[in-house]
Amino acid sequence: MDIQGRKLIKIATAGSVDDGKSTLIGRLLYDTKSLTTDKIEAIERSSKQRGYDYLDFSLATDGLVAEREQGITIDVAHIYFNTEKTNFIVADTPGHVEYTRNMVTGASTSNVAIILIDARKGVIEQTYRHFFIANLLRISHVVVAINKMDLVGYDEDTYLKIKADFDVLVGKSDFNEDQITFIPVSALKGENIARKSEEMSWYVGNTLLDHLEILEPEDLQESTVARFPIQYVIRPKTEAFHDFRGFSGKLYGGSLKVGDAVTVLPSGNESTIKSIHFFDQELDEAAPGSSIAITLATEVDCSRGDMIVKSGSAPKSEKALSATICQVNSKALKVGGKYILQHGINRVLAKVDQIESRIHTDFTGTEEVEQLKLNDIGRVHFRLSKPIHFDSYHDNKSNGSFILIDEGSFDTVSVGFIE
């Protein structure tokens with residue numbers, strides 16, 4: 001939920017060039033009345049100038065000049081729209097292979113993925129990669145929007161063939177928690193986007209928008225152990241709060257409540273939660289995703305960068321880790337390379353100990369390589385200058401992810417997911 005108490009759903013879109021991804025998002029904006037009058041007029045004017053007898057809704061999202069000229073999505077754009085019940089944030093991510101890094105980073109905070117498939121082309125190599133990345137990021141809810149059904153005569157057999165082919169792809173995945181929903185649509189014509197299609201009366205499911213609306217944020221969040229990295233120590237030293245000493249940050253994974261026995265890392269000191277504060281409110285329990293401040297019953301040494309966890313559920317604390325990484329920098333990652341590894345708000349020095357393999361994103365396996373180049377995804381082993389407190393990405397996304405930073409330029413080199 002957002003701070004107004006409305007549902008908040010974060011969506012990542014993925015689709016190959018010309019699958020109609022930008023048109024789909026533009027149609028959602030149009031059908032939810034999220035486009036301003038001047039934006040609609042600009043779309044109408046531009047569509048007419050291009051000789052179209054329809055509104056080109058892709059113009060609502062392709063913001064860069066290069067995107068409009070080439071008809072492709074290059075950079076990640078975050079697009080906002082809402083309905084009566086729900087606020088949506090859409091990460092419009094690139095589908096082309098050379099922008100894999102943008103798709104990974106753009107989808108990293110999403111809890112729903114919409115994968116578009118052109119009904120004329122069916123499941124193609126790009127589809128494999130998009131689904132692979134959704135699996136890599138552990139996005140548990142995937143909507144497969146089979147688009148451009150108007151160009152195949154709204155044929156049910158075409159839809160069923162693509163659905164069967166995609167089910168074969170799902171069988172190759174090692175992520176067993178994903179939920180797959182298939183919806184046949186025509187983004188251009190508005191069929192099964194916000195209104196039920198009369199042309200596809202054989203389809204008995206929800207429209208895309210109705211389906212997104214029935215999703216509940218709590219069902220999309222990971223449910224795991226609580227991790228509370230300390231961002232800031234609050235000491236007001238005012239007359240009203242003279243002795244107040246609170247620890248603020250964002251809670252990940254699981255809930256915390258007053259009275260819970262907790263351990264502070266790395267010191268290992270133990271205490272119990274005395275109070276939980278959210279703005280000017282005191283809570284008995286805080287849910288995952290809450291930005292809160294907590295106080296402890298005893299005076300223990302806590303500072304920025306420490307982590308508070310429930311006693312008995314501590315993460316690993318080691319000076320070595322293995323991870324799947326996506327290379328986001330043109331400078332190749334090589335064995336022996338030294339970097340700054342940023343895990344949460346903490347930074348440690350890291351050395352590439354081994355590049356185990358490069359992973360094929362079409363689910364065909366791995367291959368041995370000496371380096372990982374831009375957009376490559378591979379398994380890498382690191383040695384660290386000091387221990388960090390981590391979980392596997394599968395168990396806790398926030399505490400199982402990191403970025404690598406170049407020591408000289410301070411550019412981001414890789415994003416990593418701990419195994």
Side-chain angles (χ1 to χ4, degrees), residues 97 100-105 107-108 129 132-133 135-138 173-175 224-225 227 229 252-253 265-268 305-307 309 313-419:
V97 63
T100 294
R101 66 193 187 279
N102 292 15
M103 181 181 172
V104 171
T105 55
S108 61
R129 184 167 51 83
F132 177 90
I133 292 173
N135 280 195
L136 174 66
L137 297 173
R138 292 304 192 251
S173 169
D174 64 352
F175 182 46
T224 181
V225 290
R227 300 290 184 244
Y252 297 96
L265 300 174
S267 67
D306 290 353
M307 180 180 292
V309 301
S313 64
K316 295 180 181 178
S317 296
E318 298 179 4
K319 291 178 65 176
L321 60 85
S322 299
T324 300
I325 71 157
C326 176
Q327 191 69 0
V328 300
N329 193 284
S330 57
K331 185 178 180 180
L333 188 92
K334 299 179 181 180
V335 174
K338 297 180 181 179
Y339 302 93
I340 299 167
L341 185 147
Q342 178 151 351
H343 176 250
I345 61 173
N346 290 316
R347 291 185 172 186
V348 299
L349 296 178
K351 181 180 180 179
V352 178
D353 195 43
Q354 179 189 359
I355 297 176
E356 181 181 320
S357 61
R358 183 170 73 88
I359 303 172
H360 297 160
T361 57
D362 58 359
F363 294 92
T364 58
T366 62
E367 65 174 310
E368 292 186 5
V369 294
E370 295 183 354
Q371 60 184 12
L372 293 176
K373 300 177 182 179
L374 177 65
N375 292 313
D376 280 351
I377 294 176
R379 291 192 177 95
V380 180
H381 303 281
F382 296 94
R383 291 197 178 277
L384 312 179
S385 60
K386 64 179 181 179
I388 62 171
H389 313 290
F390 64 87
D391 298 283
S392 71
Y393 187 77
H394 182 273
D395 291 334
N396 190 299
K397 289 184 178 182
S398 61
N399 201 42
S401 55
F402 63 86
I403 61 172
L404 287 183
I405 302 170
D406 185 274
E407 287 186 292
S409 66
F410 291 99
D411 289 338
T412 300
V413 174
S414 316
V415 295
F417 312 95
I418 301 173
E419 297 179 347

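Computed from heavy atoms alone, side chains included, the values below leave out hydrogens, waters and symmetry copies.
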Stepwise side chain to side chain donor-acceptor pair (under 3.5 Å) test for N135 and S173:
CA-CA 7 Å; N135 280 195; S173 169; 2.3 Å; yes

How far apart are the C-alpha atoms of L321 and I388, what are their side-chain angles, what is the distance that settles it, and do they pass the side-chain contact (heavy atoms from CB on, under 4.5 Å) test?
CA-CA 9 Å; L321 60 85; I388 62 171; 3.7 Å; yes

Is there a side-chain contact (heavy atoms from CB on, under 4.5 Å) between V335 and E370 once you walk through the steps?
CA-CA 7 Å; V335 174; E370 295 183 354; over 6 Å; no

Kindly determine whether K373 and Q327 satisfy side-chain contact (heavy atoms from CB on, under 4.5 Å), including the steps that lead there.
CA-CA 6 Å; K373 300 177 182 179; Q327 191 69 0; 5.9 Å; no

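For the atom pair CD1 of I345 and CE of M307, the computed distance is 9.0 Å after rounding to the nearest 0.5 Å. Remark: H394 NE2 to F417 CZ distance equals 14.5 Å, nearest 0.5 Å. The structure places SG of C326 at 8.5 Å from CG of D376, a figure rounded to the nearest 0.5 Å. Separation of atoms CG (D306) and OG (S267) is listed at 6.5 Å; rounding is to 0.5 Å.
Side chains of L333 and L404 form a contact here, defined as non-hydrogen atoms less than 4.5 Å apart. Side-chain atoms of I405 and Q342, non-hydrogen and from C-beta on, do get closer than 4.5 Å to each other. Using a 4.5 Å heavy-atom cutoff, the side chains of L341 and L384 are in contact. No side-chain heavy atom of Y252 sits less than 4.5 Å from a side-chain heavy atom of T224. For the pair L265 and P315, the minimum side-chain heavy-atom distance is below 4.5 Å. Within the 4.5 Å cutoff, the side chain of T361 has no heavy atoms near those of the I133 side chain. Residues I355 and V369 meet the side-chain proximity criterion, which asks for heavy atoms closer than 4.5 Å.
Of the options V415, L372, I325, L136, a side-chain contact (heavy atoms from CB on, under 4.5 Å) to I377 is made by L136 and by none of the others.
A salt bridge (charged side-chain N to carboxylate O under 4.0 Å, His left out) check over residues 381-397, counting only residues at least two apart or in different chains, returns the pairs R227-D391, D353-R383. Annotation: salt bridge (charged side-chain N to carboxylate O under 4.0 Å, His left out) contacts involving residues 404-413, sequence neighbours excluded, comprise K331-D406. Residue pairs meeting the ring pair (Phe, Tyr, Trp, His ring centres under 6.0 Å) criterion with at least one partner in residues 343-371, sequence neighbours excluded, are F132-F363.
Residues passing the salt bridge (charged side-chain N to carboxylate O under 4.0 Å, His left out) test with E419 are R379, sequence neighbours excluded. Every residue two or more places apart in sequence or in another chain was checked for a side chain to side chain donor-acceptor pair (under 3.5 Å) with T412, and none qualifies. For P387, the side-chain contact (heavy atoms from CB on, under 4.5 Å) criterion is met by K319, not counting sequence neighbours. Taking the ring pair (Phe, Tyr, Trp, His ring centres under 6.0 Å) definition, one finds that Y339 meets it with nothing, sequence neighbours left out. Under the side chain to side chain donor-acceptor pair (under 3.5 Å) criterion, N329 pairs with no residue, sequence neighbours left out. In this structure, the salt bridge (charged side-chain N to carboxylate O under 4.0 Å, His left out) partners of E367, at least two apart in sequence or on a different chain, are R358. Taking T366 as the reference, nothing meets the side chain to side chain donor-acceptor pair (under 3.5 Å) condition, with sequence neighbours excluded. S385 is linked by a side chain to side chain donor-acceptor pair (under 3.5 Å) to nothing, counting only residues two or more places apart in sequence or in another chain. Residues passing the ring pair (Phe, Tyr, Trp, His ring centres under 6.0 Å) test with F402 are F382, sequence neighbours excluded.
Panel note: side chain Y393, backbone L137; a donor-acceptor pair is recorded below 3.5 Å. Without hydrogens or angle criteria, N399 side chain to H389 main chain gives a donor-acceptor distance under 3.5 Å.
In terms of heavy atoms, V225 sits closest to S313 at CG1-CB, 4.1 Å. Smallest separation of non-hydrogen atoms from E356 and E368: O-CG, 4.3 Å.
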